[in-house]
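Step one of this worksheet: look at the structure below.
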Amino acid sequence: MADIFYPFSLEEAKREGRVDDWTESRRLNVKCARDIENLINAHAQTGQLEEDCARAALDWWGFRRVQFVLANTLIGTGGLGFEPDSLRWARSVLIPPDYGNEMFRVNAGRALLAQFVQQTYAEYQGLGMFGQEHCGAPNQDYTGKVLVLRPDRLREDCWSAQNQLWYGQAGFGLAPVSRGRAVFATCLGDGEKARWNRTDFMGVLDGRHLPDWAAEKLAELRGPAEGQDVTTQEQADSPNQGGIGMG
């Protein structure tokens with residue numbers, strides 16, 4: 001479904017002149033939450049969801065919005081009482097506090113909602129994307145590191161591991177404590193250069209998960225001296241709006 005997805009705060013929308021987008025995106029989030037509730041009710045059989053329940057929501061609303069709505073639901077309700085990878089995945093999404101968040105929480109039984117989250121996560125895993133579990137320690141300096149871009153910062157037709165990995169090069173946002181937010185980086189997938197905010201990244205990629213293709217590109221960017229051992233990596237203020245960024 002082609003529609004507006006705007007995951008940032010109302011304050012950010014005012015700075016960018018995108019309040020109408022913020023309002024419309026929230027309206028669609030509310031509709032998505034109600035649709036998920038209807039799907040859960042329609043696909044529940046003796047306490048179990050049919051296997052295609054989450055797939056139906058994803059086909060209509062897309063991963064970005066479904067994940068956003070699920071994350072908002074889990075954050076607002078305190079989770080589901082356990083910590084599977086699917087719950088960590090949903091909680092990795094940043095939800096602005098001024099979004100009217102209570103309006104787009106999914107109201108469903110905990111057991112059925114947990115199954116829906118797990119089905120959604122299983123579908124997501126099939127895309128081969130990087131997640132929070134692939135990142136190293138939090139609050140690292142981003143200078144000269146491979147950074148993992150949050151999927152919801154990309155148009156969904158650009159979702160791929162190649163578009164998620166970026167080499168942090170400049171900007172005040174590289175520092176974990178700074179008044180600036182800007183991070184200037186190069187995509188390891190296609191070499192595109194772009195400006196992001198620090199919060200657009202999940203964190204620094206753990207070197208154990210660095211693919212060979214990314215290691216080769218990283219060596220090129222770092223040059224001969226710095227690029228010899230890339231596989232042992234320890235791993236103006238608005239998001240990029242061009243190229244493979246938000247659409």
Pair Asn72, Arg105: side-chain N/O donor-acceptor within cut-off below 3.5 Å: no

Please round to the nearest 0.5 Å and tell me the distance separating atom CG of Asn163 and atom CG of Leu154. 6.0 Å

Mind listing the closest non-hydrogen atom pair of Gln140 and Gly136 along with its distance? NE2-C, 3.8 Å

Do Trp61 and Asn29 touch side chain to side chain, with heavy atoms closer than 4.5 Å? no

Parallel, tilted or perpendicular: which fits the ring planes of His134 and Phe130, with parallel below 30° and perpendicular above 60°? perpendicular

Got a second to check how far Arg15's CZ is from Leu10's CG, nearest 0.5 Å? 10.5 Å

Just do the side-chain contact (heavy atoms from CB on, under 4.5 Å) check on Phe8 and Arg18 with the steps written out, would you? CA-CA 10 Å; Phe8 306 110; Arg18 298 187 64 185; 5.6 Å; no

Should Leu218 and Val146 count as side-chain neighbours, where that means a heavy-atom distance under 4.5 Å? yes

With sequence neighbours excluded, what pairs up with Asn139 under the side chain to side chain donor-acceptor pair (under 3.5 Å) test? none

Donor-acceptor pair, Gln115 side chain versus Leu49 backbone, under 3.5 Å? yes

Going by atom types alone, do Glu16 and Tyr6 pair a side-chain donor with an acceptor below 3.5 Å? yes

Begin with the C-alpha distance, continue with both residues' side-chain angles, and end with the deciding distance and a verdict on side-chain contact (heavy atoms from CB on, under 4.5 Å) for Asn197 and Glu12. CA-CA 12 Å; Asn197 287 340; Glu12 187 82 10; 4.3 Å; yes

Do Ser160 and Leu127 make a side-chain contact, defined as non-hydrogen atoms from C-beta onward lying under 4.5 Å apart? no

Nearest heavy-atom contact between Ala161 and Gly128 is CB-O, 3.6 Å

Report yes if some heavy atom in the side chain of Phe201 is under 4.5 Å from a heavy atom in the side chain of Arg150; otherwise report no. no

If we count only N and O atoms by modelled type, under 3.5 Å, do the side chains of Gln67 and Thr120 hold a donor and an acceptor together? no

If you measure from the Lys or Arg side-chain nitrogens to the Asp or Glu carboxylate oxygens, is any gap between Glu24 and Arg27 under 4.0 Å? yes

With side chains defined as the heavy atoms from C-beta onward, is the minimum distance between Phe5 and Glu156 less than 4.5 Å? no

To the nearest 0.5 Å, tell me how far Asp3 CG sits from Ser25 OG. 7.5 Å

CZ (Phe116) and SG (Cys53) are apart, to the nearest 0.5 Å, by 5.0 Å

List the atom pairs, donor and acceptor, that lie under 3.5 Å between side-chain atoms in residues 36-44 and the rest of the protein, sequence neighbours left out.
from	atom 1	to	atom 2	distance (Å)
Glu37	OE1	Arg34	NE	3.0
Glu37	OE2	Arg34	NE	3.3
Glu37	OE2	Arg34	NH2	2.8
Glu37	OE2	Asn107	N	2.8
Glu37	OE2	Asn107	ND2	3.4
Asn38	ND2	Arg34	O	3.3
Asn41	ND2	Glu37	O	3.3
His43	ND1	Glu50	OE1	3.1
His43	ND1	Asp52	OD1	3.3

Do side-chain atoms of Gln164 reach the backbone of Val148 as a donor and acceptor pair under 3.5 angstrom? no

How far apart are the closest heavy atoms of Lys217 and Leu188, and which atoms are they? CG-O, 3.5 Å

Tell me whether Arg181 contacts the main-chain N or O of Thr199 through its side chain, where contact means a donor paired with an acceptor under 3.5 Å. no

So does Arg208 pair up with Asp206, basic N to acidic O under 4.0 Å? yes

Given Val66 and Cys32, is the side-chain contact (heavy atoms from CB on, under 4.5 Å) satisfied, shown in steps? CA-CA 7 Å; Val66 170; Cys32 177; 4.2 Å; yes

At what distance, to the nearest 0.5 angstrom, does CG of Leu221 lie from OH of Tyr167? 6.5 Å

Applying side chain to side chain donor-acceptor pair (under 3.5 Å) to Gln132 and not counting sequence neighbours gives none

Residues which pass side chain to side chain donor-acceptor pair (under 3.5 Å) with Glu133, listed by chain and number, not counting sequence neighbours: none

Run the side-chain contact (heavy atoms from CB on, under 4.5 Å) check on Gln119 and Arg55 step by step: do they pass? CA-CA 8 Å; Gln119 284 187 18; Arg55 183 70 257 170; over 6 Å; no

Spell out, yes or no, whether Trp166 and Leu94 are grouped together once hydrophobic residues are joined by side-chain heavy atoms under 4.5 Å, including indirect joins. no

When you measure from the centre of the six-membered ring of Phe104, is the NZ or CZ of Arg26 closer than 6.0 Å and no more than 45° off the axis? no

For Glu51, the salt bridge (charged side-chain N to carboxylate O under 4.0 Å, His left out) test, sequence neighbours excluded, returns none

Using modelled atom types and a 3.5 Å cut-off, is there a donor and acceptor pairing between side-chain atoms of Asn101 and backbone atoms of Pro96? yes

Between Arg153 and Asp200, does at least one N-O distance fall below 4.0 Å, as a salt bridge requires? yes

Decide if the gap between the ring center of Trp159 and the ring center of Phe63 is smaller than 6.0 angstrom. yes

Between Leu149 and Leu165, is there a side-chain heavy-atom distance shorter than 4.5 Å? no

Results of side chain to side chain donor-acceptor pair (under 3.5 Å) for Thr23 - residues two or more places apart only: none

Would you give the length of the straight line joining atom CG of Leu174 to atom CZ of Phe172, rounded to the nearest 0.5 angstrom? 10.0 Å

Can you find a pair of side-chain heavy atoms, one from Pro151 and one from Met202, that are under 4.5 Å apart? yes

Identify the two heavy atoms, one from Val106 and one from Thr73, that lie closest to each other, and give their separation to 0.1 Å. N-OG1, 2.9 Å

Is there a side-chain contact between Val93 and Leu70 in this structure, where contact means two heavy atoms from C-beta onward sitting under 4.5 Å apart? no

Closer than 3.5 angstrom, by distance alone: can the side chain of Gln169 be matched with the main-chain N or O of Phe184 as a donor-acceptor pair? no

For the residue pair Asp141 and Thr143, confirm or rule out a side-chain donor-acceptor distance under 3.5 Å. yes

